[in-house]
Amino acid sequence: MVIKMRYAYLLCMTACLMLNLNAQLSDTGLFGREAIVISDTSETPNNSSLSFERLLSSYQWSFNHRTNYVNDRWFLMLDERFRSSLIRTDRQFIKDQQELRFLGGRRLTDRFDVRVSSSSLFLSDNQITGLNDAAIANAHTGIGFRPVDNVTIAPYIGYTVDRQADRTDRGISYLARLRGDNIEYAETFLNIDGQFSLQRVDPRTTASHFLRVDVDREFDTQTFINIGTYYTYSRREFYFPADDRTQDLFNVSMNIDQRFDRRMGTSGGIHYALRRNIVRIISTSIDWRTVTRGYFYQPTTPFTGYLFDTSVNEFSMNIRLGLRYTFSERFSGMSHLTYHERSEEHGLTSIDPDLPSSFVEDRASSEFRKNNIAQRTTLATQGNVRLTRGHYLTFAGSSSILRYDTPSPLNFDDRDELRLLFFTGTRHNLNRYLTLDLAVDLVMTHVVYLRAQRSANNNWNRVLRFTPALTYEPADWFKTTNAFEVLANYTVYDFEDMVTGLRSLSYRQVGLIDSSRVRLTENVRLDFFSHYRRYERGELRWSAFAERPLHSFEELTLIASIRYDIRPGSIAFAGGIRYFNRNRYRYIQREREFETQIRNIGPTCFIYWNIDNRLRLTVRGWYEMQYRDSVYFSSIPNLSIDIGARF
């Protein structure tokens with residue numbers, strides 16, 4: 001029944017999408033005037049998209065629609081987003097979410113307009129044990145005032161209906177919007193975006209306020225400065241079942257979880273040229289955040305069930321110094337030094353004086369244990385070099401140090417971390433038909449725990465990968481790319497010789513990839529893809545570089561398809577076959593023994609239909625017949641449908 005309902009919604013949205021598109025294609029605008037697109041956030045054209053995906057036992061539905069329309073008197077904005085998921089196992093896990101926003105109005109003069117707005121949000125999730133069904137809807141009416149060009153002030157008043165935990169609350173809603181785009185003064189541009197939103201739905205109150213101001217000044221093509229500051233505040237209140245003591249004292253069945261989130265910060269950056277070919281970049285940001293959690297009904301006894309009000313204070317800071325350089329047509333690159341710091345302080349608020357001090361101190365100690373300070377410093381560089389005509393070199397490297405401290409003596413997570421990353425790659429155009437790519441990357445991480453309780457976990461992790469690839473394209477109708485990959489991953493514990501049962505780990509992998517395309521005619525194409533991968537996991541003794549393998553795997557993936565373009569770029573069909581096989585082996589006294597096999601095989605399909613770049617339909621699917629140790633055990637269809645429209 002659930003799947004049938006979602007398919008019905010899918011068909012309904014498809015019909016609406018087609019009717020909407022047809023109306024747009026047949027009409028140039030309201031009252032014969034040409035319609036133009038308006039948007040508060042971007043110049044994205046009107047669009048709709050609808051998608052469905054089934055992968056194994058999971059189903060995903062999504063629908064997006066956005067309409068912006070304006071003429072000399074009227075304006076309209078409609079935005080809808082719908083998401084739904086279903087996972088079918090021994091039980092069904094269902095999650096639905098829908099958000100709808102509408103804004104419409106009529107201009108009275110060049111400075112004034114009247115407008116109405118409404119929005120709704122619905123959420124349902126049967127995986128959540130607490131608040132698994134909630135909805136909120138509101139409607140507002142107001143005026144828009146433009147005191148100067150590019151600045152709009154819009155106060156509203158309205159009504160809100162909020163449903164949680166089978167309870168429906170109603171009340172007055174207040175809303176105000178402030179927006180200023182590209183306000184110019186003395187060659188300096190100012191952007192302002194702000195909102196005041198308050199809903200009083202007795203006995204709860206919710207709010208969402210924000211203000212952001214950005215200032216930009218460009219002196220020349222390589223020198224400019226930007227400064228921004230912001231403030232946000234939100235208040236959310238959620239119902240949850242009250243305990244027996246709260247029900248007896250306050251005669252209520254539900255308590256209210258209150259969450260307050262305040263955040264403010266500033267950021268800035270400057271780009272300027274030291275020389276003609278060297279640009280210095282300096283940027284910084286500072287952020288403060290306080291999250292407070294409390295409870296509307298708070299009985300003082302019994303102490304074991306007392307709900308403490310808590311707070312979290314966060315501070316973060318980023319400083320970045322960079323250089324971008326171009327010395328010649330042969331060499332360019334960038335280097336930067338970055339410092340990042342983040343701290344958290346947890347504590348109790350609004351402590352009842354009647355509570356026993358030992359009871360409060362125990363909870364305060366638990367909160368204090370969460371406090372931490374993290375500091376990371378990173379030095380990085382990257383560059384591009386043209387060695388000769390047709391031969392190129394790319395390199396990158398970084399080194400970072402993390403210091404993570406916890407003030408509490410009961411928190412043993414204090415650690416230092418060193419991370420080194422190196423990458424180099426080359427491309428060689430050997431001739432007009434043959435291209436060789438070589439890539440090597442190395443990542444090394446050393447983690448050192450400073451407390452004795454966790455020092456046994458100190459380790460080095462080293463990952464080395466080498467990937468050559470060869471591309472051969474003798475003609476427009478044929479192209480093949482062959483790649484080879486070798487990867488080694490070693491995790492070595494510093495004290496494995498001193499701790500019983502602690503073993504270092506190794507992971508090694510080798511892979512071969514072939515991707516080929518053959519165009520038989522202007523409309524017919526053959527595609528081939530194959531991937532062979534063998535990897536092993538085992539225990540490692542780094543001092544002797546000796547390994548004891550535990551398991552090994554061999555995987556083979558083959559995909560072949562034929563594609564027919566009825567109209568290139570507009571209509572295409574493809575069909576083929578997909579094969580996957582994985583063998584698992586175990587080692588007994590270093591002898592490899594076969595353990596199990598998984599094999600999947602089935603047909604694939606692809607459909608693409610594009611109508612004048614206005615309507616697009618894409619269908620992908622494959623059918624899997626699954627075998628385990630050569631015994632058939634299931635068949636699973638997989639399907640992905642995507643419909644998009646622009647108008």
Side-chain angles (χ1 to χ4, degrees), residues 55-56 421-427 435-445 461-472 479-492 503-518 526-540 545-561 576-588 590-604 606 620 622-634 636 638 640:
L55 182 62
L56 300 178
L421 185 149
F422 305 95
F423 168 82
T424 182
T426 62
R427 165 162 287 191
T435 301
L436 175 64
D437 293 289
L438 301 173
V440 178
D441 54 270
L442 172 66
V443 180
M444 296 190 298
T445 305
N461 178 252
R462 300 172 175 89
V463 181
L464 175 64
R465 180 170 57 183
F466 174 60
T467 311
L470 188 66
T471 301
Y472 178 57
K479 180 179 180 180
T480 181
T481 299
N482 298 274
F484 175 73
E485 180 188 63
V486 178
L487 182 144
N489 187 336
Y490 303 108
T491 301
V492 182
R503 294 291 182 268
S504 298
L505 304 173
S506 68
Y507 174 89
R508 295 186 296 179
Q509 174 181 299
V510 60
L512 296 169
I513 299 175
D514 173 75
S515 178
S516 301
R517 183 193 67 207
V518 181
L526 300 178
D527 294 307
F528 302 95
F529 174 81
S530 63
H531 183 197
Y532 171 79
R533 187 166 70 119
R534 177 175 177 175
Y535 53 98
E536 291 184 348
R537 295 197 294 256
E539 296 179 350
L540 175 72
F545 203 73
E547 179 188 19
R548 185 173 75 89
L550 299 177
H551 294 93
S552 70
F553 300 82
E554 291 184 0
E555 292 183 357
L556 176 63
T557 301
L558 299 173
I559 301 175
S561 65
I577 189 169
R578 182 178 183 270
Y579 173 84
F580 172 79
N581 185 86
R582 185 180 72 180
N583 294 334
R584 175 183 172 127
Y585 301 87
R586 62 181 177 181
Y587 287 85
I588 300 178
R590 295 190 174 273
E591 293 294 329
R592 193 174 79 154
E593 293 186 359
F594 175 80
E595 191 172 9
T596 186
Q597 178 195 54
I598 294 177
R599 186 171 76 252
N600 302 333
I601 187 171
T604 65
F606 170 79
R620 294 181 176 88
W622 67 98
Y623 188 82
E624 282 190 3
M625 293 177 287
Q626 300 181 343
Y627 299 82
R628 181 173 297 165
D629 296 330
S630 300
V631 177
Y632 169 83
F633 70 92
S634 69
I636 300 178
N638 302 275
S640 173

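- Legend: residues meeting side chain to side chain donor-acceptor pair (under 3.5 Å) with T424, ordered by chain and number and at least two apart, are absent.
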Does T480 form a side-chain contact (heavy atoms from CB on, under 4.5 Å) with L470? I'd like the steps, not just the answer. CA-CA 8 Å; T480 181; L470 188 66; over 6 Å; no
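- For Y579, the ring-ring contact (aromatic ring centres under 6.0 Å, His included) criterion is met by no residue, not counting sequence neighbours.
- Side chains of F484 and V510 form a contact here, defined as non-hydrogen atoms less than 4.5 Å apart.
- With hydrogens and angles disregarded, a donor-acceptor distance shorter than 3.5 Å links the side chain of N638 to the backbone of L56.
- When all heavy atoms of E547 and R508 are compared, the pair lying nearest together is OE1-NH2, 2.5 Å.
- The CG atom of L55 sits 8.0 Å away from the CD atom of E624 when rounded to the nearest 0.5 Å.
- Every residue two or more places apart in sequence or in another chain that forms a side chain to side chain donor-acceptor pair (under 3.5 Å) with R465 is listed here: D441.
- Contact check for E555 versus H531: no side-chain heavy atoms found under the 4.5 Å cut-off.
- Within the model, atoms CG of L540 and CZ of R503 stand 11.5 Å from one another, a figure rounded to the nearest 0.5 Å.
- Here the side chains of F594 and D629 are in contact, with some heavy-atom distance below 4.5 Å.
- One finds the OG atom of S552 at 5.5 Å from the CZ atom of R534 (value rounded to the nearest 0.5 Å).
- The distance from the CG atom of N581 to the CD1 atom of I601 is 10.0 Å, given to the nearest 0.5 Å.
- Of all heavy-atom pairs spanning L558 and S530, the tightest one is CD2-CB, 3.4 Å.
- A cation-pi arrangement is absent between R462 and Y490, since the terminal nitrogen or guanidinium carbon is not both under 6.0 Å from the aromatic centre and inside a 45° cone about the axis.
- Here R584 pairs with H551, F553, E595, T596 under the side chain to side chain contact (heavy atoms under 4.5 Å, CB included) rule; sequence neighbours left out.
- Remark: E539 pairs with R548 by the side chain to side chain donor-acceptor pair (under 3.5 Å) rule, at least two apart or across chains.
- Rounded to the nearest 0.5 angstrom, I577 CD1 and T604 OG1 are separated by 8.5 Å.
- Counting heavy atoms from C-beta on, the side chains of T435 and R427 come closer than 4.5 Å.
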Take I636 and Q626 through the test side-chain contact (heavy atoms from CB on, under 4.5 Å) and record every step on the way to the result. CA-CA 8 Å; I636 300 178; Q626 300 181 343; 3.7 Å; yes
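- Residues that satisfy the side chain to side chain donor-acceptor pair (under 3.5 Å) test with E554, not counting sequence neighbours, are R592.
- Checked for salt-bridge contact, D527 and R517 miss the test: no charged N lies under 4.0 Å from a carboxylate O.
- You'll find the side chain of Y507 reaches within 4.5 Å of the side chain of L487, heavy atoms only.
- The distance from atom OG of S561 to atom CZ of R578, rounded to the nearest 0.5 Å, is 12.5 Å.
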